[in-house]
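The basis for the numbers below is simple: all heavy atoms, side chains too, and nothing from hydrogens, waters or symmetry mates. Here is how names work: the chains are called A, B, and so on, in the same order as the sequence lines, proteins then strands, and each is numbered from 1.
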Amino acid sequence: MFENYEIPDTGFYLRDTLTVSKDLLGKFLVRKFRSRYAAVKIVETEAYIGGHDPASHAFGRITKRNSVMYGPAGRAYVYFIYGNYFCFNTVCGKEGEGNAVLIRAGEPAAGSDLMKKYRPRPKNELELTNGPSKLCMALNIDLEMNSSDITNPENSVFIADSRKKDKFEIITSKRIGLNKGSDFPYRFFIKDNPYVTRHKFNNVLL
DNA sequence: GACAAGATTAGCT
DNA sequence: GCTAATCTTGTCT
């Protein structure tokens with residue numbers, strides 16, 4: 001079904017990272033399995049900027065883990081955290097800058113039976129994809145997809161955009177789960193979408 | 001080598 | 001709301 005969708009090209013990701021974060025809302029994160037797709041509509045994102053942003057993995061020097069963030073835009077940056085979980089990001093901006101957008105939550109759009117296979121027995125429907133690592137479990141995303149090109153619909157993970165655009169309001173807030181750099185208003189989500197992670201910051205309009 | 005911290009989640013109070 | 005689980009990564013020695 002996603003063959004006929006628009007696929008944002010590298011130019012989409014080359015722009016300002018905060019702009020890309022907002023523009024990713026409403027688009028689809030698609031996971032291609034052998035002959036089927038699973039996909040979520042992106043409803044919540046966070047921007048991480050290289051250099052001046054102490055919360056970013058690219059705050060310091062280039063290391064083995066963060067090197068993908070410094071590479072070309074339009075790639076996936078997947079990392080492993082807390083001994084259990086994966087998070088999925090899209091690399092943005094010019095090569096060498098070290099910018100990325102974390103996909104924090106999604107709304108199931110296709111293949112939810114497949115997602116339930118990879119993430120069995122969620123407490124309820126929302127629990128399937130309402131968190132950065134829940135999303136990765138449901139779509140079976142792991143380090144194998146690190147650095148893969150998400151502008152190529154032949155690959156096992158890519159971003160797609162419906163030709164029919166939904167209208168929605170975007171809310172900006174502080175980012176979640178950080179100790180350092182938590183003051184930056186770099187989190188964006190679709191207003192009133194039930195899959196957005198619940199948090200006290202959701203009521204803070206910036 | 002050793003050690004502390006981490007862009008989270010699940011489970012319990 | 002609070003906290004343990006769990007292990008990779010980066011930094012320091």
| task | Give the cluster check for Val68(A) versus Tyr13(A): same hydrophobic cluster or not, with ILVMFWY residues linked at side-chain heavy-atom distances below 4.5 Å. | result | no

Just the table, please: protein N/O against nucleotides 8-10 of chain C N/O, every pair under 3.5 Å.
from, atom 1, to, atom 2, distance (Å)
dG10(C), OP1, Thr63(A), OG1, 2.3
dG10(C), OP1, Arg65(A), N, 3.0

| How would you label the contact of Asn179(A) with the nucleic acid (heavy atoms, under 4.0 Å): base, sugar-phosphate, or nothing? | sugar-phosphate

| query | Where along residues 92-105 of chain A does a heavy atom come under 4.0 Å from DNA chain C, residue by residue in number order? | reply | none

| message | So if I take residues 18-31 of chain A and measure heavy-atom distances to DNA chain C, which residues fall below 4.0 Å? | response | none

| message | For DNA chain C, report each stem as range with range, ordered by first number, or say none. Use Watson-Crick or G-U wobble pairs under 3.5 Å, at least 3 in a row. | response | B:1-6 with C:7-12, B:8-12 with C:1-5

| request: Would you tell me whether Thr197(A) and Glu44(A) have side-chain atoms, one donor and one acceptor, within less than 3.5 Å of each other? | output: yes

| Counting just side-chain N and O atoms, does Asn84(A) come under 4.0 Å of either OP1 or OP2 of dC7(C)? | no

| task | Specify the residues of residues 133-141 of chain A, ordered by number, for which at least one heavy atom lies under 4.0 angstrom from an atom of DNA chain B. | result | Ser133(A), Lys134(A)

| Starting at CG of Asn130(A) and ending at P of dT8(B), how long is that distance when rounded to a whole Å? | 13 Å

| query | In whole Å, what is the span from the CZ atom of Phe86(A) to the P atom of dT9(B)? | reply | 13 Å

| task | Would you indicate what Arg121(A) reaches in the nucleic acid, counting non-hydrogen atoms under 4.0 angstrom: base, sugar-phosphate, or nothing? | result | nothing

| request: Write down the distance between CD (Glu127(A)) and P (dT8(B)), rounded to a whole number of angstrom. | output: 15 Å

| task | Check for a donor-acceptor pair, side chain of Asn99(A) on one end and backbone N or O of Ile49(A) on the other, with a separation under 3.5 Å. | result | no

| task | May I have the distance from Arg198(A) (atom CZ) to dT8(B) (atom C1'), rounded to whole angstrom? | result | 18 Å

| Charged N to carboxylate O below 4.0 Å: is that the case for Glu6(A) and Lys165(A)? | yes

| task | Run through Phe80(A), Tyr48(A), Tyr79(A) and flag the one making a ring pair (Phe, Tyr, Trp, His ring centres under 6.0 Å) with His57(A). | result | Tyr79(A)

| task | Considering only NZ, NE, NH1 and NH2 on the basic side and carboxylate oxygens on the acidic side, decide whether Arg75(A) and Asp149(A) come within less than 4.0 Å. | result | no

| field | Path from Phe88(A) to Ile190(A) over hydrophobic side-chain contacts below 4.5 Å | value | yes

| message | Please tell me whether Ser173(A) and Arg187(A) have a donor and an acceptor in their side chains that are separated by less than 3.5 angstrom. | response | yes

| note | Per atom distances to the His57(A) side chain, the nearest of dT11(C), dA10(B), dA7(B) is dA7(B)

| So which of Leu139(A), Thr129(A), Ile150(A) actually passes side-chain contact (heavy atoms from CB on, under 4.5 Å) with Leu29(A)? | Leu139(A)

| Does Asp23(A) come within less than 4.0 Å of Arg15(A), counting only side-chain N to carboxylate O? | yes

| Check: Val40(A) main-chain N/O paired with Arg31(A) side-chain donor or acceptor under 3.5 Å | no

| remark: Separation of dA7(B) atom C1' from Phe184(A) atom CZ, nearest Å, is 14 Å

Quick one: which protein N/O atoms are closer than 3.5 Å to N/O atoms of nucleotides 11-13 of chain B? Pair and distance per line, please.
none

| message | Nearest whole Å is fine: how far is dA5(C) C1' from Ile81(A) CD1? | response | 13 Å

| message | Is it the case that the side chains of Asn152(A) and Glu154(A) hold a donor-acceptor pair, with the cut-off being a distance below 3.5 Å and no angle test? | response | no

| request: Take Glu46(A) and Lys174(A) through the test salt bridge (Lys or Arg N to Asp or Glu O under 4.0 Å) and record every step on the way to the result. | output: CA-CA 9 Å; Glu46(A) 279 180 0; Lys174(A) 296 178 179 182; over 6 Å; no

| query | Do Phe33(A) and Tyr118(A) make the cut of ring centroids closer than 6.0 angstrom? | reply | yes

| task | Examine Tyr195(A) and Ile159(A) and state if one hydrophobic cluster contains both, with Ile, Leu, Val, Met, Phe, Trp and Tyr joined whenever side-chain heavy atoms are less than 4.5 Å apart. | result | yes

| said: In this structure, would Leu102(A) and Phe158(A) fall into the same cluster of hydrophobic residues linked by side-chain contacts under 4.5 Å? | reply: no

| Got a donor-acceptor pair under 3.5 Å from the side chain of Tyr79(A) to the base of dA7(B)? | yes

| Going hydrophobic residue to hydrophobic residue with side-chain gaps under 4.5 angstrom, can you get from Leu128(A) over to Val43(A)? | yes

| said: Has Arg175(A) got a side-chain atom pairing as donor or acceptor with Gly181(A)'s backbone, closer than 3.5 angstrom? | reply: yes

| query | With centres under 5.5 Å and planes under 30°, do Tyr82(A) and dA5(C) count as stacked? | reply | no

| said: Nearest to the side chain of Cys87(A), heavy atoms from C-beta on, is which of dT8(B), dA10(B), dG6(B)? | reply: dT8(B)

| Arg36(A)/Asp113(A) ion pair, N-O < 4.0 Å | yes

